[in-house]
Amino acid sequence: MNVLVINAGSSSLKYQLFDTATNEVRAKGNCERIGIDGRIVHKIPGKEDYVKEIPMPNHSVATRILVETLTDPELGCLKSMSEIEAVGHRIVHGGPYFSESVLLTQEVYDTLDKKCRDLAPLHTGAHLQGIRGCLDVMPDTPQILVFDTAFHQTMPPEAFMYGIPYKMYKDYAIRRYGAHGTSHRYVAGEMIKLMGGKAEGTKIVTCHLGNGSSISAVKDGKVLDTSMGFTPLAGVIMGTRCGDMDPAVVPFIMKKTGMTPDEMSDFMNKKCGFQGISEVSSDCRDLEAAIAAGNEQAKLAMDILGYQIKRFIGAYAAAMGGLDAIVFTAGIGENTASIRERALTGLDFLGVDFDRAVNDKTFGRSGVTKLSTDKSRVQIYMIPTNEELMIAQDAERIAKSVK
Ligand code: ADP
């Protein structure tokens, strides 16, 4: 089945066209600068990239241009739009309302619009524009929504509740939701396949480490706990996000600096983490270069992340009552051996034993790689994530079920 996967941002619309029979990406690209001026970057395997400035006043026009490009005799790979049999949308926040991927209906649209928007205003607004764009251009094609929060909906209340009055949870839905759920689901699923295919009885920690990072405890194939919280600001330090800290730090900094709540939120999201600690960069590769040149703050930033990952692994092993596997994925998890090494060193007491030489040589492009030694009680893997493939597979399954 040809499935178009859409990831709509406020001024961009990233897309990938999958053939789900082979899991092959037939085309991918990005409509950028929507509402500003407009440009499409379109890639087809074996062909030269196509880049063109085209006015894109809104997401409907961007969708029309991308469908026209996909069906263009020169640039495209489809004969007509009807060959797109389903559209899968990545949705950042489904709140407590969506615990799995769903077919778009008016009711689903309204829940997203009226109830989820509050939880992630910028992202949800952009997703709704992307959905409307596809409805305008492909009104008869099933649209499936795949939520970043859905996989985490199996968390029990003791893992998702905060220590604030219950009324706050009831009135404002304040609780832990987590993020990157589609990535955690993908790599946990691949790890379970490597362990023989039976989810029951498995205890896995999945580490999605990128610009944004989150760590999950996946027991019996279901999330028991995860490090991100009400928003993606929680958990370990990230490229520019602060991660967990004493909540009293927030009003303290606001009083000292005179920042407003919005400015403080912006500060915690954009000026902290690697960037704030190192004062060099938010990017791991720049930090590694700075460390090689003797920069102590860059080393401190990397040490903090490694330490915090280790702490989550230990905590989640305790929460699950054991540990069978650790998986690393996303930009840093796949490519930055020194972070994996920091996180895994000293976990011998849990039965963790990894091969440093293999770890040093492992990058995302290596494909799935076993990092643990044969005597390790815990299996350790680097598994490149593939959120888009998960979205395409969900879209195919749900589209077939309504045919
Ligand atoms: P995002 O959360 O934006 O999707 P990524 O998963 O692309 O982020 O991760 C970006 C991080 O991964 C950066 O800190 C980057 O330095 C790090 N990284 C290290 N090596 C690579 C690489 N070869 N390719 C991409 N990112 C890498």
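Heads up: numbering here begins at 1 and tracks the sequence. Predicted model, so just to flag it, every value in this text is computed and none were measured. Atoms within a ligand are numbered from 1 in the order they appear, just like the ligands themselves.
- Ion pairing between Asp220 and Lys222 fails under the 4.0 Å rule for side-chain N and carboxylate O.
- In this structure, the protein non-hydrogen atom closest to atom 14 (O) of ligand 1 is Cys284 N, 3.1 Å.
- Between Lys400 and Glu396, at least one side-chain N (NZ, or NE/NH1/NH2) sits under 4.0 Å from a carboxylate O, which counts as a salt bridge.
- For the pair Gly239 and ligand 1, no heavy-atom separation below 4.0 Å is found.
- Selection from Leu305, Asn335, Asn211 by nearest heavy atom to atom 21 (C) of ligand 1 gives Asn335.
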Name every donor-acceptor pair, under 3.5 Å, that has one atom in a side chain of residues 40-51 and the other anywhere in the protein, sequence neighbours excluded.
unit_1: His42; atom_1: ND1; unit_2: Tyr15; atom_2: OH; d: 2.6
unit_1: His42; atom_1: NE2; unit_2: Leu75; atom_2: O; d: 3.3
unit_1: Lys43; atom_1: NZ; unit_2: Asp49; atom_2: OD2; d: 3.4
unit_1: Lys47; atom_1: NZ; unit_2: Glu74; atom_2: O; d: 2.9

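- Shortest non-hydrogen contact noted between Met228 and Ala234 is CG-O, 3.5 Å.
- Residue contact check: Gly212 has heavy atoms under 4.0 Å from atoms 2 (O) of ligand 1.
- Of the possible donor and acceptor atoms, none in the side chain of Ser99 sits under 3.5 Å from a partner among the backbone N and O of Ala150.
- In this structure, atom 4 (O) of ligand 1 has its sub-4.0 angstrom surroundings free of protein heavy atoms.
- By the 3.5 Å distance cut-off applied to N or O atoms, Ala330 is not counted among the residues near ligand 1.
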Is there a side chain to side chain donor-acceptor pair (under 3.5 Å) between Glu32 and Ser12 once you walk through the steps?
-> CA-CA 4 Å; Glu32 305 167 342; Ser12 69; over 6 Å; no
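- Taking the ring centre of Phe160 as origin, the terminal cationic atom of Arg176 falls outside the region bounded by 6.0 Å and 45° from the ring axis.
- The protein heavy-atom contact nearest to atom 24 (N) of ligand 1 is Arg285 NH1, 3.5 Å.
- By the 4.0 Å N-to-carboxylate-O rule, Asp303 lies close enough to Lys299 to be salt-bridged with it.
- For a threshold of 3.5 Å applied to N or O pairs, the pair formed by Gly210 and ligand 1 contains no separation below that value.
- The nearest non-hydrogen atom to atom 19 (C) of ligand 1, considering only Thr329, Ile332, Thr336, Thr385, comes from Thr336.
- Atom 16 (O) of ligand 1 has as its closest protein heavy atom Asp283 OD1, 2.3 Å.
- Atom 6 (O) of ligand 1 has as its closest protein heavy atom Gly331 N, 2.9 Å.
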